[in-house]
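Chain letters run A, B, ... following the sequence lines, proteins first, then strands; residues in each count from 1. Note that the structure is predicted; figures quoted are calculated from it, not measured.
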Amino acid sequence: MAEHRYDPQEIEPRWQQVWADERTWEVANPLPGVSPERAEPKSYVLEMLPYPSGEPHIGHLKVYSVGDAVAHFHRRSGRRVLHPMGYDAFGLPAENHAIKTGQHPRDSTEAAIAEFQRQFRTWGISIDWSREFATCDPSYYRWTQWIFNELYRHGLAYRKEAVVKWCPNDQTVLANEQVIDGHCERCGFEVEARQLEQWMFRITDYADRLLDDLDAIDWPEHVKTMQRNWIGRSEGAEVTFRCEELGIDYPVFTTRPDTLFGATFFVMAPEHPDVERLAAGTGNEEAVREYVNHALTESSEQRGATDKTKTGVFLGRHVVNPVNGEPIPMYVADYVLMEYGTGAIMAVPAHDERDHAFATTFGLSIRRVIEGVNPDGDADGLPYTGDGPLVNSAPEFDGMPNREALQAIVAWLDREGKGHASVSYRLRDWLLSRQRYWGCPIPVVHCGACGIVPVPDDELPVLLPDISDYAPKGRSPLAAAEDWVSTTCPGCGGPARRETDTMDTFVDSSWYFLRYCDARNEQAAWDPAVLREWMPVDQYIGGVEHAILHLMYARFFCKALCDLGHLDAQEPFARLFTQGMITKDGAKMSKSRGNVVSPREIVERYGADTARAYILFIGPPDQDADWSDEGLEGVHRFLSRLWRLSAEAAERRAGVLPAPAEGVDLDLLRKAHWAIEKVTNDLAGRFAFNTAIAAVMELTNEISRLREQTSPEAQRFALETANSLLFPFAPHAAADGYHLLTGRRVWEEAWPQADPALLERDTYELVCQVNGRVRDRVQVPADADRAALEAAALAAPNVVAHVDGHDVVKVVVVPGRLVNVVVR
RNA sequence: GCGGGCGUGGUGGAACUGGCAGACACGCCGGCCUUAGGAGCCGGUGCCGCAAGGCUUGGGGGUUCGAGUCCCUCCGCCCGCACCA
């Protein structure tokens, strides 16, 4: 017999060529007039688009292997699948590379895209290439600019001077979300605070909807929790404290208006604009100025340390507590943050740990207003943050449970005009402007006469000009492109200057999934009717690192675009799956560690199927997993074996399988149907690729083990089934094996159906326990009743032996599983 | 500190609603075939024990005929947030 050797280097390009030539994975948009009911159900399967830099890494191979398995399974389950690809192509790495080498970011980005495309093809990912784009294509960012204009026209994009986070290394401002522990998310440099005028998106308008709609989407709970925490909604009250000396009202936000009578001092953030004015003329001016200067120069890390002892300075002024008319001293202290609430707080040391620490340090009075004891507190059991009845407040509130009192006090404040119920959020507006070159230009001009004027939609795109000096100088490098900056005002025709900031790249990636639906539309960003067909994304797949940034911004965009009438999908991603990282030797792969596994090398050596199937077999895809070359070889052996068995069987003459199969043939058919059932369940409800592949391995082992005893017909059926089930994970080998056996194309075949009759057996092995320990097993008919099962178990020899000499107290019968005899 | 997740053989991991713990794979051991093998095939492999049998899912306790799974408690690891009033 001819030697059959599994040769992925021959098999894989051959099938890739077929898919490319026939454009197998392209899917048309529903034609106008075709009713959606007539069409097959749609499925939009999407993996987060890659940032093209260098070449793809192992994480890319994982995310696209997962997504492709889902896409294939959906297609063969009778759905029209949209599975597109694009590139998040604007961004800092390409620009930093340009600064170093002088190579235009467009050139390095195009080179990286070419390499990504080439490798994606060698991986055999089933992508609809007709919809491909890069976010740096003018035909794409034209519409990014259009969306900006739409948001600007509706007041959702605005310019504002504010204290912002500035990265001194990248020389640009950052969004709050891009600052991790006071450091730049990109480069790790410590960020500084700067007062600058910047462009913002009004995401805070959507805080409640972003929060509430989390309940309606099928996302991992931890991602939803992270978003909830990030939005940080707190309910409470705004209460006004008046500084009589200066005649100024200071509102504060509190979640605990029930403790208002316990407010014994008042604290302002060092950044509060009134601090200097308040201290003026009190004799505390010098101390206050010194304290504020120190606080402002301190890093957010130093300042944020929770265990740090409280510091602050008396402002020399007082405010009046609106509930009891008491004057209380005002302090400036760095534990109060300007960016949350109103930048000032009422301090209730008896019922707040931070205020208690401050009061203790400064010897301020502490007044208990709620009964209760903190076992870890001071001699009085304070600070106590739990519930209890009010004391030392006002006669009408004393004795009232604090939660009830909270409502009553807010109602009283409201009546008196001294406060009202209020909600506060941690979420800030999205700062989108960047003082960098390689990004989407913000399409506005600044006109001396008209102010800020958006570039009219029909003049878009505002093209990013070519420049020679990319180095950041604290303002956008675009500012140096004088020919470009200098323009005329679309409003009055007078001289005007272009906005030189570019957009955060997260703007580009907040709507790319909409553009895929109608990627070649030159008249509009999309046709709303087409979006109604495809949106929302049915299954989105990507890394957890985007749990807040990208996933929140994209949700905001969809809601805003819905409000503007361009979209119906309030939520972009109906289901989300976050895949875990692949490590090597227990550590994140990195060039500096020298533990990088290159997908290109693995694919060249073992083939894409081995690499893909191994990554899915290694463990549950949402967990981190450690790469092992030995494990990879194991999967390679399995693919070789299945392919070889298929090739050998294909050479053997086989007739039609006789209708009721018997004996060993029946055993093999049962195993095949068991595998169909197992793989289908593992793919349908969950992402259990590892156990699905294990089931195909079991089937393959069974085919191999029974090779000498089964008919060629039964073997063919089992092998066809194995290849068919393997296809979503190792498409080339499975397509080839299936084609050898049948002459047909496996991707054109419906997903196999398990025959219920072959899943059932007429007998099964009944486990016989005595006192919960397995003592014997007996074969029983599948339809045996409880009495028969009990009798069978009690008659089992090893049960008899263990029951002998004891009293049978009870017999538990679980049909289909076991009998447990309880003896004493 | 708050929120979330996790802890199973030598290793990665299985075990869907409480019902045979360790599927599948790696590694290891033995054998066959081969001029040769980093190819292929067959068998073995949780721990203790010659065996009968006993023990075993981070530790301790509980519920149950029965617990990896449920409850309490302690320990360890990972992730997110962190002076958010």
Side-chain angles (χ1 to χ4, degrees), chain A residues 3 5 180-181 220-230 232-234 236 239 252-257 259 263 267 269 303-308 310 333-337 339-348 351-355 357-358 424-427 544-545 547-548 580 614 617-620 622-635 637-638 640-641 644 678 681-682 685-686 688 690-701 704-705 707 765-777 809-814 816-823:
Chain A
E3 183 80 352
R5 197 175 68 86
I180 314 285
D181 291 334
E221 208 44 55
H222 68 278
V223 176
K224 290 191 187 185
T225 304
M226 281 163 77
Q227 292 216 349
R228 286 192 188 104
N229 291 344
W230 188 261
R233 183 187 152 102
S234 301
V239 185
V252 300
F253 174 76
T254 175
T255 52
R256 296 294 306 273
T259 63
V267 191
R303 186 171 159 181
T306 15
D307 47 356
K308 173 178 116 164
K310 295 277 178 285
D334 66 0
Y335 79 93
V336 174
L337 309 174
E339 56 267 26
Y340 186 77
T342 62
I345 62 155
M346 66 171 203
V348 184
H351 305 289
D352 181 280
E353 285 174 26
R354 297 151 299 177
D355 298 344
F358 190 88
S424 195
Y425 301 89
R426 208 188 91 114
L427 183 70
V544 219
E545 64 272 19
I548 296 173
Y614 170 63
F617 181 66
I618 193 168
D622 54 336
Q623 282 171 34
D624 291 351
D626 204 59
W627 180 273
S628 135
D629 290 334
E630 291 78 15
L632 180 79
E633 303 227 19
V635 170
R637 277 199 286 275
F638 155 66
S640 304
R641 199 146 77 113
R644 191 162 14 85
K678 172 79 180 144
N681 286 338
D682 285 350
R686 41 209 203 125
N690 54 335
T691 52
I693 292 169
V696 183
M697 286 176 171
E698 277 196 61
L699 173 57
T700 305
N701 291 345
S704 174
R705 194 172 66 83
R707 205 170 13 176
E765 191 175 70
L766 180 75
V767 171
C768 307
Q769 298 181 329
V770 177
N771 285 349
R773 285 161 201 255
V774 180
R775 294 302 182 188
D776 216 331
R777 297 150 208 269
V809 180
K810 182 176 180 179
V811 179
V812 180
V813 181
V814 184
R817 294 197 187 269
L818 55 74
V819 170
N820 186 16
V821 181
V822 185
V823 301

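- Here A/Val336 lies in heavy-atom contact (under 4.0 Å) with a base.
- For the OP1/OP2 pair of B/C24 and a distance below 4.0 Å, the side-chain nitrogens and oxygens of A/Asn690 include no atom meeting the criterion.
- Residue contacts shown for A/Arg705 are absent, as no nucleic acid heavy atom lies under 4.0 Å away.
- The same atom, C1', is picked in B/A85 and in B/C78; the two are 31 Å apart, to the nearest Å.
- Shown here, B/C16 forms no base pair; nothing in the strands shown gives a Watson-Crick or G-U wobble contact with both key distances under 3.5 Å.
- Within the 4.0 Å cut-off from OP1 or OP2 of B/A25, at least one side-chain nitrogen or oxygen of A/Asn701 is found.
- Heavy-atom nearest nucleotides on RNA chain B were determined for A/Ile345 and for A/Gln769, and the one closer to the 5' end corresponds to A/Gln769.
- Annotation: B/U11 and B/G58 have their P atoms spaced 13 Å apart (nearest Å).
- Between the side chain of A/Asn820 and the base of B/C65, at least one donor-acceptor pair of N or O atoms lies under 3.5 Å.
- Aromatic ring pairs are classed by plane angle as parallel below 30°, tilted from 30° to 60° and perpendicular above 60°; the pair A/Phe253 and A/Tyr340 is perpendicular.
- If you check B/U69 for Watson-Crick or wobble pairing at under 3.5 angstrom, you find it has no partner at all.
- Side-chain contact check for A/Thr255 versus A/Ser234: some heavy-atom pair is nearer than 4.5 Å.
- When the nucleotides B/G40, B/G13, B/G19 are ranked by their closest atom to the side chain of A/Arg644, B/G40 comes out on top.
- Remark: A/Arg228 CZ is packed, more than 12 non-hydrogen atoms of other residues, nucleotides or ligands lying under 6.0 Å away.
- Ranking B/G19, B/A85, B/C24 by closeness to the A/Val812 side chain, first place goes to B/G19.
- Residue A/Arg773 is classed as a sugar-phosphate contact, given heavy-atom separations below 4.0 Å to backbone atoms only.
- When heavy atoms are screened at a 4.0 angstrom cut-off, A/Gly634 is found touching the sugar-phosphate backbone but no base atom.
- Nucleic acid contact for A/Ile618: sugar-phosphate only, since backbone atoms but no base atoms lie under 4.0 Å from a heavy atom of the residue.
- Comparing the C1' positions of B/U69 and B/U63 gives an interatomic distance of 14 Å, to the nearest angstrom.
- An OP1 or OP2 oxygen of B/C65 is reached within less than 4.0 angstrom by no side-chain nitrogen or oxygen of A/Arg817.
- Comparing B/G3 with B/C74, their P atoms sit 14 Å apart, to the nearest whole Å.
- Here the nucleotide nearest the side chain of A/Arg426, chosen from B/C81, B/G80, B/A23, is B/C81.
- Of the possible donor and acceptor atoms, none in the side chain of A/Asn690 sits under 3.5 Å from a partner among the backbone N and O of A/Phe617.
- B/G76: glycosidic angle beyond 90° from 0, hence anti.
- For B/C81 and B/C71, the P atoms lie 28 Å apart once the distance is rounded to whole Å.
- Residue contacts shown for A/Val767 include a base, since a base heavy atom lies under 4.0 Å away.
- You'll find that the side chain of A/Met697 is closest to B/A25, out of B/G19, B/C42, B/A25.
- Only the C1' atoms considered, B/A39 is 35 Å distant from B/C47, to the nearest whole Å.
- Within the structure, every side-chain polar atom (N or O) of A/Thr691 is placed at least 4.0 Å from both OP1 and OP2 of B/A23.
- Taking 4.0 angstrom as the limit, A/Arg641 places a side-chain polar atom (N or O) nearer than this to OP1 or OP2 of B/C41.
- Classification of A/Arg705 and A/Glu698 as a salt-bridged pair fails, no side-chain N sitting under 4.0 Å from a carboxylate O.
- For A/Lys310 and A/Phe358, the positive end is not near the middle of the six-membered ring at less than 6.0 Å and at most 45° from its axis.
- What separates CD of A/Glu633 from C1' of B/A39 is a distance of 12 Å, to the nearest Å.
- Of the candidate nucleotides B/G80, B/G3, B/C24, B/C24 has the atom nearest to the side chain of A/Ala694.
- Across all strands shown, the partner of B/C81 is B/G1, judged by Watson-Crick or G-U wobble contacts whose two distances both fall under 3.5 Å.
- Nucleotides B/G38 and B/C77 place their C1' atoms 37 Å apart, quoted to the nearest Å.
- Across every strand in view, B/G49 sits unpaired, with no contact that passes the Watson-Crick or G-U test at under 3.5 angstrom.
- For A/Arg637 and B/C24, the shortest distance from a side-chain N or O to OP1 or OP2 is not below 4.0 Å.
- Among the heavy atoms of the strands lying under 4.0 Å from A/Phe617 is at least one base atom, whether or not backbone atoms are also near.
- A/Glu353 comes within 4.0 angstrom of no nucleic acid atom, judged by non-hydrogen atoms across all strands.
- Between A/Val823 and A/Val770 the shortest heavy-atom distance is CG2-CG1, 4.0 Å.
- Listed for the A/Ser704 side chain is no donor-acceptor partner under 3.5 Å among the backbone atoms of A/Thr700.
- In this entry B/U63 has no Watson-Crick or G-U wobble partner, no candidate having both defining distances under 3.5 Å.
- Taking atom OH of residue A/Tyr614 and atom C1' of nucleotide B/C26, one finds them 9 Å apart after rounding to whole Å.
- Between A/Glu630 and A/Gly619, the one whose closest nucleotide on RNA chain B sits nearer the 5' end is A/Gly619.
- Nucleotides B/A67 and B/U57 place their C1' atoms 11 Å apart, quoted to the nearest Å.
- Nucleotide B/C81 holds its P atom 16 Å from the CG atom of A/Leu337, rounded to whole Å.
- Remark: the backbone N or O of A/Gly580 is not paired with any side-chain donor or acceptor of A/Asp624 at under 3.5 angstrom.
- A/Thr254 comes within 4.0 angstrom of sugar-phosphate atoms only, judged by non-hydrogen atoms across all strands, and of no base.
- Nucleotide B/G40 forms a pair with B/C32, judged by Watson-Crick or G-U wobble geometry with both contacts under 3.5 Å.
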